K.L.:
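Here it is, the structure in full.
Small disclaimer: the values here were computed from a predicted structure and weren't measured.
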Amino acid sequence: MNDSIRTQVVLLHSNDVHSRLENASKIAGYISEERRTHGSDSVLVIDCGDHIDRMRVETEGSDGLVNVALLNQAGYEAVTLGNNEGLTYSIQVLENLYRNHAAFPVICANMKEAATGELPGWLMPHAVIEKNGLSIGLIGVTTAYTDFYSLLGWEATDPMEAVREQAALLREQVQVVVVLSHLGIKHDMEMAESIDGIDLIIGAHTHHLLEEPIVIGGTTICAAGKFGEYIGRVEIGMDELTRRPVFRASVVPTAAFEEQPEAARIISEFLETGRHRLNEVVAVLDEPLPSSTDRESPLCNLLAAGLRRWTDAEIGLVNTGQLLGGLAQGEVTAGQLHALCPSPINPCKVSIEGKYLREALEQSLLQEYIDKPIKGYGFRGYVLGNIAVDGMWIEYDSKRPDYEKLRTVLVNGKPLDDHRLYLVGMIDMFTFKAGYESLANGRSTDFYLPEFIRDIIAGQLQDSAYIADCRRRRWHNLSVDAMPARL
């Protein structure tokens, strides 16, 4: 921005906070300071989605109310939906959150209810906000995970077409057109190149941090990273000659900020109520169920078996890194299951050739895969781990060369056929080429929403036969094991 151009509005933006609530509290303090400095009429505050993440007790225990309470308290004036809001809660829960509790508009132009073909009443395609003499049009869009959203009753439409339509509608009505984009940096750049009438894109989803904005044609692109580690700041002025908006953009690190006391109080209150809600007893164990990322263990087997049964598949399969711990003898609470399995990952049933299963099983015996860190794809653990299975008997020789360790693989008593299609109950993460990439080669996939894999474990814990069976070994190392009878 030319220094001679007066700043009329300061736009503050956050994205992908993912329930890092302490950072949200710090951001609230910064927002308050900016309003004290510039006046409320000159400050506009928005969020670009994924503020919610069910990994936090406060969020899980309140169905996202703690996040909305923090956004309200900080005075946000518009938000859009991220996939962590749209895919981890039902339409009914979102309606309660945003219609009954939010003090701000929720804007997302490409999310319609499948039953009506229309946006629900609590969702708007755009909003127009007047700030210090500037008329600012806000358009919201989110990534169209069509297959997943359809299972939850949504029709997710093409976000680019939605932006094009809304920008054309707003262009003559407002002085500044801003897109709140939960699409990712690649799509933001494509949007800037291909759609006329957009002045500013505030990005999210791919967790990209733009310390300097990207300018493509007449469009400026900004983004503030992830987890509330930064807040984005855009000064907006108008060039008197061109009558076009001019931007000065930056990101401000939040690490040194103090938490706002009122926001900290909200977090503390929701922590208490969340713990109370998650204290519900799910099951009582006569013996502990250990879990391990680098060897076969009962709780991981229980989850693999649950995936197989839930999806009515021939085989159950999951990486052991999904579980962050085991279960002790005695009462098991919903909070414990949430703590050991916080990932918002769903079951799925995949039709896949045996050769791709064999490749993944071989990889699961290699230390580089067991210790492989995984980021994103809904995963909230640390490393991939190895593979827990159900419906399989596996003999291997750990002393043999890599990718030659498997000696016998039986599927329900019959040898694994590399060319046969098998129905496998697994997790949606694998379909995104995360971890064992060969498992993404399925011919067809059925997804199961809104169930998370911790819900699968809770179901398995209700049946003593399932608990007893999870102690049965599926993997046998010929180098060290005395062989029991086969399946």
K.L.:
Check salt bridge (Lys or Arg N to Asp or Glu O under 4.0 Å) between Asp53 and all other residues, then give those that pass, not counting sequence neighbours.
P.N.:
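Once residues adjacent in sequence are excluded, the partners of Asp53 under the salt bridge (Lys or Arg N to Asp or Glu O under 4.0 Å) criterion are Arg380.
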
K.L.:
What pairs of residues pass the salt bridge (Lys or Arg N to Asp or Glu O under 4.0 Å) test when at least one of them lies in residues 269-283, not counting sequence neighbours?
P.N.:
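Found Asp63-Arg277, Arg265-Glu269.
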
K.L.:
Looking at CZ of Phe247 and CG of Leu200, how far apart are the two atoms once the value is rounded to the nearest 0.5 Å?
P.N.:
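These two atoms lie 4.5 Å from each other.
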
K.L.:
Under the salt bridge (Lys or Arg N to Asp or Glu O under 4.0 Å) definition, can you give me all pairs with a residue in residues 31-42, not counting sequence neighbours?
P.N.:
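Listed by first then second residue: Glu33-Arg36, Glu34-Arg233, Arg35-Glu77.
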
K.L.:
Within a 6.0 Å radius of atom CD on Glu212, are there more than 12 heavy atoms belonging to other residues, nucleotides or ligands?
P.N.:
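Not buried by this count: 12 neighbours or fewer within 6.0 Å.
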
K.L.:
How close do Ala263 and Ala28 get, counting heavy atoms only, and between which atoms?
P.N.:
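The pair with the smallest heavy-atom distance is CB-CB, 4.4 Å.
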
K.L.:
Between CG of Leu337 and CG of Leu278, what distance do you get to the nearest 0.5 Å?
P.N.:
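That separation rounds to 10.0 Å.
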
K.L.:
Listed by chain and number, what are the ring pair (Phe, Tyr, Trp, His ring centres under 6.0 Å) partners of Phe270, not counting sequence neighbours?
P.N.:
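Here no residue qualifies.
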
K.L.:
Between His205 and Asp50, is there a side-chain donor-acceptor contact under 3.5 Å, judged purely by atom types and distance?
P.N.:
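No pair is found: no donor N or O on one side chain lies under 3.5 Å from an acceptor on the other.
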
K.L.:
Using the ring pair (Phe, Tyr, Trp, His ring centres under 6.0 Å) criterion, which residues pair with His338? Sequence neighbours excluded.
P.N.:
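If we apply the ring pair (Phe, Tyr, Trp, His ring centres under 6.0 Å) test to His338, skipping adjacent residues, there are no hits.
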
K.L.:
Could I get the full list of side chain to side chain donor-acceptor pair (under 3.5 Å) partners for Tyr76, not counting sequence neighbours?
P.N.:
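Checked Tyr76 against side chain to side chain donor-acceptor pair (under 3.5 Å); matches are Ser14.
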
K.L.:
How close do Cys108 and Leu119 get, heavy atom to heavy atom, and via which atoms?
P.N.:
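The pair with the smallest heavy-atom distance is O-CD2, 3.4 Å.
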
K.L.:
According to salt bridge (Lys or Arg N to Asp or Glu O under 4.0 Å), who are the partners of Asp469, at least two apart in sequence or on a separate chain?
P.N.:
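Salt bridge (Lys or Arg N to Asp or Glu O under 4.0 Å) check on Asp469 returns Arg472, Arg474.
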
K.L.:
Hey, can you tell me if His18 and His207 have their rings parallel, tilted or perpendicular (30° and 60° cut-offs)?
P.N.:
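Correct class here is perpendicular.
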
K.L.:
Which heavy atom of Ser25 sits nearest to which heavy atom of Ile267, and what is that distance?
P.N.:
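Heavy atoms of Ser25 and Ile267 come nearest at CB-CD1, 4.0 Å.
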
K.L.:
Has Arg309 got its NZ or CZ under 6.0 Å from the middle of the six-membered ring of Tyr466, at an angle within 45 degrees of the ring axis?
P.N.:
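Positive - Arg309 is close enough to the ring of Tyr466 and near enough to its axis.
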
K.L.:
Go through the structure and list residues passing ring pair (Phe, Tyr, Trp, His ring centres under 6.0 Å) with Tyr89, not counting sequence neighbours.
P.N.:
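Partners of Tyr89 by the ring pair (Phe, Tyr, Trp, His ring centres under 6.0 Å) criterion come out as none, since no residue qualifies.
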
K.L.:
Can you tell me if CD on Glu331 sees more than 12 non-hydrogen neighbours from other groups inside 6.0 Å?
P.N.:
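No, the 6.0 Å shell around CD holds no more than 12 heavy atoms from other groups.
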
K.L.:
Are Asn279 and Thr333 close enough, and set up right, to give a side chain to side chain donor-acceptor pair (under 3.5 Å), and what steps lead you there?
P.N.:
CA-CA 5 Å; Asn279 204 37; Thr333 66; 4.8 Å; no

K.L.:
State, to 0.1 Å, how close Cys300 and Ser292 come at their nearest heavy-atom pair, and which atoms those are.
P.N.:
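Taking every non-hydrogen atom into account, SG-O, 3.8 Å.
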
K.L.:
Who are the side chain to side chain donor-acceptor pair (under 3.5 Å) partners of Asn67, not counting sequence neighbours?
P.N.:
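Once residues adjacent in sequence are excluded, the partners of Asn67 under the side chain to side chain donor-acceptor pair (under 3.5 Å) criterion are Ser19, His51, Thr59.
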
K.L.:
For Tyr448, enumerate each residue passing the side chain to side chain donor-acceptor pair (under 3.5 Å) test, keeping only those at least two apart in sequence or located in another chain.
P.N.:
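Result, side chain to side chain donor-acceptor pair (under 3.5 Å) vs Tyr448: none returned.
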
K.L.:
So which atom in Ile52 and which in Glu85 form the shortest heavy-atom distance, rounded to 0.1 Å?
P.N.:
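Here Ile52 and Glu85 meet closest at N-OE2, 3.0 Å.
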
K.L.:
Side chain of Thr311, backbone of Cys348: donor and acceptor closer than 3.5 Å?
P.N.:
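Such a contact is absent between Thr311 side chain and Cys348 backbone.
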
K.L.:
Could you work out, with side chain to side chain donor-acceptor pair (under 3.5 Å) as the rule, every residue matching Ser135, not counting sequence neighbours?
P.N.:
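Partners of Ser135 by the side chain to side chain donor-acceptor pair (under 3.5 Å) criterion, ordered by chain and then number, come out as Glu130.
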
K.L.:
Mind checking what makes salt bridge (Lys or Arg N to Asp or Glu O under 4.0 Å) contact with Glu287, not counting sequence neighbours?
P.N.:
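By the salt bridge (Lys or Arg N to Asp or Glu O under 4.0 Å) rule, Glu287 matches no residue at all.
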
